[in-house]
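Everything on this sheet refers to the single structure shown next.
All figures in this text were calculated on a predicted structure; none of them were measured in a lab.
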Amino acid sequence: MRDAVIVEAVRTPIGRRNGALEAVHPVDLSATVLRALVDRTGIDAGLVDDVMWGCVGQVGEQSANIARNAVLAAGWPESVPGTTIDRQCGSSQQALHFAVASVIAGHCEVAVAGGVETMSRVPMGSAKRNGPGLPFGPAVAQRYPGVEFNQGRGAEILADRYGLSRRTLDEYSLQSHSRAAAAIDGGRFVKQITPVTLPDGAVFSVDEGVRRGGTVESLGQLEAAFAEDGVVTAGNASQISDGAAALLIMTSEKAGQLGLSPLARVHAATAVGDDPVTMLAGPIPATAKILQMAGLRLDDIGAFEVNEAFASVVGAWLAETGAPSELVNPNGGAIALGHPLGGSGARLATTLLHHMQDEGLRYGLQTMCEAGGMANATIFERL
C-alpha cells in the first residue's frame with residue numbers, strides 16, 4: 001500500500017505588515033522556498049509532478065495561478081505544473097492534503113505543497129473588495145438573514161461561550177510572544193527557515209513580529225476591535241504578515257530510491273464544516289474527527305499546532321479538548337509569529353515537523369480554523 005512522507009519542510013522568516021518583506025513580490029517569495037527544497041534535498045526539480053499552492057488573496061500580484069508563476073520564477077523546468085488552492089486560512093494545509101492524496105493514489109510520485117501570502121502588497125480582503133459583486137448571493141442571505149459573516153464577531157462569540165476574559169486572552173498572547181522569543185533565542189527555528197535576500201541585498205532571516213517585554217497592563221490599554229464591550233483586540237489576535245512555506249512529499253519507497261530520509265509520514269488528514277456564523281470553532285470537531293480516523297487518543301499526541309487566529313480560538317479548543325496547554329503551540333504561534341493567510345498551514349506544518357524531530361515525538365497534530373466555518377486537521381507520525 002502506498003504511503004506519503006514528507007522529506008523536507010521549509011519556510012521563510014515571517015515579516016510584519018509593511019516590514020522587511022514588503023518589497024518582495026509574492027511570486028518571488030514563493031520561489032524562494034521552492035528553490036530551498038531542491039537545495040536542501042539535492043533532487044532534480046524536474047521530478048516534481050505537481051506543485052499545489054495555497055493563497056487566499058488571489059488578485060493582482062497573487063492572481064493568475066501563483067503556483068505556476070512560482071515554479072517559473074524558481075527556475076524549475078517548464079514541465080512542472082502548479083495549481084493554486086483557496087480554503088481561506090487553511091489553504092496551504094489543504095494543499096498538503098491534496099498533495100498527499102495524489103501521491104497515495106499514484107497520480108504523483110513527487111509533489112510539493114505550500115503557500116504564500118504577502119499581505120503588505122495584497123491587503124486582506126482585496127479579492128472581495130475588487131469585485132464585481134459580493135461573494136454571498138441571495139440564497140446564502142436568505143439562509144442566514146441579517147448575518148454579517150465576520151471572523152472578529154466569531155472570536156467574540158467563542159470568548160463569551162467559553163467564559164474567556166480579556167485578561168485570559170491577553171495572558172495567552174504574552175505567552176505566545178514569550179515562547180516564540182525563546183524559540184528564536186534557542187535557535188529552534190534555524191533549521192526550518194530559509195533566509196530571504198531582499199531587493200537591496202540585505203538578508204532577512206529572523207521572524208519579525210515577535211514582541212518582547214509586553215505586560216498585561218500594556219495590552220489592556222488596547223481598544224476592543226470588534227465590539228464596544230468586547231475582549232478581542234489587535235494584541236490578542238494574529239498579526240497581518242508576509243511569508244511562505246513549502247513541503248516536499250513522496251512515497252517512502254521513492255524517498256529510499258533518492259536516498260532521502262523522511263521527517264514524517266502523514267498519518268491522517270481531514271476537513272470539517274461547522275457553523276459559519278461562529279466560524280472559528282471548527283478545530284474542535286476537526287480534532288475529534290481526526291483522532292477517531294487515526295485510532296489515536298489525545299494523549300498519544302506529543303505536540304499540537306492550533307492556529308492562533310485569535311487567542312479565543314485556542315482558548316476554546318483547550319477548554320473543549322482538555323489538551324495539556326504546554327504541548328500546544330510550544331514555540332509560539334500566529335499571535336507572535338504572524339499569519340500570512342495562504343502560507344500559514346504550511347508554516348504550522350513546518351514548525352511542527354521540525355519540533356517533532358528535535359524532541360523525538362512520534363505524533364503531532366495540526367489544526368486551524370477557516371473562514372466560512374471550516375477547519376483542517378492533520379496528524380503526522382515521525383519515522
- In short, Ile335 meets Glu308 closest at the heavy-atom pair N-OE1, 3.1 Å
- Message: Taking the six-membered ring of Phe189 as reference, does the cationic atom of Arg11 (NZ for Lys, CZ for Arg) lie under 6.0 Å from its centre and within 45° of its axis?
- Response: yes
- Do Thr378 and Gln93 meet the criterion of a side-chain donor-acceptor pair at a distance under 3.5 Å? yes
- Item | Pairing of Glu156 and Arg161 as salt bridge, 4.0 angstrom limit | no
- Message: Minimum heavy-atom separation for Ser241 and Ile14, please, with both atom names.
- Response: CB-CG2, 3.5 Å
- How long is the gap from OG on Ser176 to CG on Asn329, to the nearest 0.5 Å? 7.0 Å
- Message: Tell me whether the count of non-hydrogen atoms from other residues, nucleotides or ligands lying under 6.0 Å of CD in Glu171 goes above 12.
- Response: yes
- Message: Checking Leu158 against Phe310 for the side-chain contact (heavy atoms from CB on, under 4.5 Å) test, could you report, in this order, the C-alpha distance in whole Å, the side-chain angles of both residues, the deciding distance, and whether it holds?
- Response: CA-CA 10 Å; Leu158 285 180; Phe310 300 89; over 6 Å; no
- Task: Flag the pair Glu109 and Lys254 as a salt bridge only when some basic side-chain nitrogen lies within less than 4.0 angstrom of an acidic carboxylate oxygen.
- Result: no
- Query: Do the charged groups of Asp358 and Lys191 touch, with an N to O distance under 4.0 Å?
  - Reply: yes
- Message: So that I can tick it off, tell me whether Arg297 and Asp300 are bridged by a salt bridge, with the cut-off set at under 4.0 angstrom between side-chain N and carboxylate O.
- Response: yes
- Between Asp170 and Arg166, does at least one N-O distance fall below 4.0 Å, as a salt bridge requires? yes
- Message: With no hydrogens and no angle check, just 3.5 Å: does a side-chain donor-acceptor pair link Ser92 and Trp53?
- Response: no
- Message: For the CG atom of Leu341 and the CZ atom of Arg87, what is their distance to the nearest 0.5 Å?
- Response: 15.5 Å
- Task: Would you check if the distance from the ring center of Tyr363 to the ring center of His267 is below 6.0 Å?
- Result: yes
- Item | Closest contact, heavy atoms only, Ile6 versus Leu353 | CD1-CD1, 3.8 Å
- Query: Is it the case that one hydrophobic cluster holds both Ile66 and Leu72, taking links as side-chain heavy atoms less than 4.5 Å apart, direct or via other members?
  - Reply: no
- Item | Smallest separation among heavy atoms of Ala334 and His339, with atom names | CB-CB, 3.9 Å
- Task: First locate atom CZ of Arg211, then atom OG of Ser173, and finally report the distance between them rounded to the nearest 0.5 Å.
- Result: 6.0 Å
- Kindly determine whether Arg362 and Arg382 satisfy side-chain contact (heavy atoms from CB on, under 4.5 Å), including the steps that lead there. CA-CA 5 Å; Arg362 182 175 182 184; Arg382 186 176 64 88; 5.5 Å; no
- Query: Quick one: do Glu148 and Arg153 make a salt bridge, cutoff under 4.0 Å?
  - Reply: no
- Run the ring-centre check on Phe149 versus Tyr144 and record whether the distance is less than 6.0 Å. yes
- CZ of Arg347 to CG of Leu337: how many Å apart, nearest 0.5 Å? 5.0 Å
